[in-house]
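All ligand and atom numbering here is 1-based and tracks the order in the structure.
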Amino acid sequence: MSKPKVYVTRMIPEPGLALLREHCLVAVNDRDRPLAREELLANVRDAEGVIGQLTDKIDAGFFDAAARLKGYANYAVGYDNIDVAEASRRRLPVSNTPDVLTRATAELAWALLFAVARRIVETDAVMRSGAWPGWGPLQFLGLDVSGKTLGILGPGRIGQAMALMSQGFAMTVLYHGGSKPALAIEEKLGARRVDFDTLLAESDFISIHAPLTPASRRLFGAEAFAKMKRTAVIVNTSRGPVIDEAALAVALREKTIAGAGLDVYEFEPKMAEGLRELQNVVVTPHIGSATRSTRDNMALLAARNLLAMLRGDTPPTCLNPEVLGKK
Ligand code: DGY
């Protein structure tokens, strides 16, 4: 029997590709950039399986172009780039990569939180410039973390991991969102589920882990920032459009809130006007899952998902298992 044709829309770590090659004829976009829409559609025409990125729009037009498709595997946990309802309507399984990147993403959220609280990037620049005159009692005063209140928006896997990592810092933990109570963090940390306004008003640090949905889009705008403490810091490692970035730039400039740590942006790869000039924001280029082993594991999971779909089996982390007639 001939091997199924698979297309991978961007080079991913070798372990995933090697696994795919054992069973499939694999073509990869090896240019180090996302494909333009027309390139994507042209490349998936005869593919039976596709592994794609959060930058690829997987919608009706994509499914029309990929007429031989048996399944699509996202190389990301976030799947706001996929029209899952459309895939289900066509009875096509689609998958994402949860779990394998939970700790790496939560760790980056902590790195950003501390970088902002203790002014790490700003003071690193002072050292490099040679301008540090020596120790001074009033220099570079930052924010305490221990004993403060951590607010989690989106108590899913990553949000709960972030909360659990606060244990060493004796923080009070609040959370908002989720369809049911987050029992692990309630039981282990005494975390309290609160409404959005309470999260805003009581948190010293807010970390965003909610998926991008119509309800979460621009949830943080001028109105929300005005309800936060002036000493509060917001961290976003989820999806950029959860924050109205222009409003954030204003809030940071006017010191409505104290700081922000951002790994994701409303209009990636661009950053809102005005953010670049501010000292109270630390910015990284969407690297939440960017550790070697995490990316290897994402590639392996995406490959396993796709191979299962090609066999007609339920993939390990399927977003719409009902299309396969199994739960
Ligand atoms: C994801 O997986 O959704 C991240 O944004 C990239 O790894």
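Without hydrogens or angle criteria, Ser166 side chain to Phe169 main chain gives no donor-acceptor distance under 3.5 Å.
Screening residues 28-38 for side chain to side chain donor-acceptor pair (under 3.5 Å) gives Arg10-Asp32, Asn29-Arg31, Arg31-Glu39, Arg33-Glu39, Arg37-Asp59 as the qualifying pairs, with residues at least two apart or on separate chains.
The side-chain hydrogen bond (donor to acceptor under 3.5 Å, both in side chains) check on Thr97 picks up nothing, with sequence neighbours excluded.
A donor-acceptor pair shorter than 3.5 Å can be found between the side chains of Thr284 and Asp263.
In this structure, the separation between OG on Ser216 and CD1 on Ile243 is 11.0 Å, given to the nearest 0.5 Å.
Protein residues with any heavy atom under 4.0 Å from ligand 1: Leu54, Ala76, Val77, Gly78, Leu101, Arg239, His286, Ser289, Met298.
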Listing, residues 125-136 side-chain donor-acceptor contacts under 3.5 Å, not counting sequence neighbours, or none:
from: Arg128; atom 1: NE; to: Asp124; atom 2: OD1; distance (Å): 2.4
from: Arg128; atom 1: NE; to: Asp124; atom 2: OD2; distance (Å): 3.4
from: Arg128; atom 1: NH2; to: Asp124; atom 2: OD1; distance (Å): 3.4
from: Arg128; atom 1: NH2; to: Asp124; atom 2: OD2; distance (Å): 3.2
from: Ser129; atom 1: OG; to: Val126; atom 2: O; distance (Å): 2.8
from: Ser129; atom 1: OG; to: Ala131; atom 2: N; distance (Å): 3.1
from: Trp132; atom 1: NE1; to: Gly134; atom 2: O; distance (Å): 3.3
from: Trp132; atom 1: NE1; to: Gln139; atom 2: OE1; distance (Å): 3.0

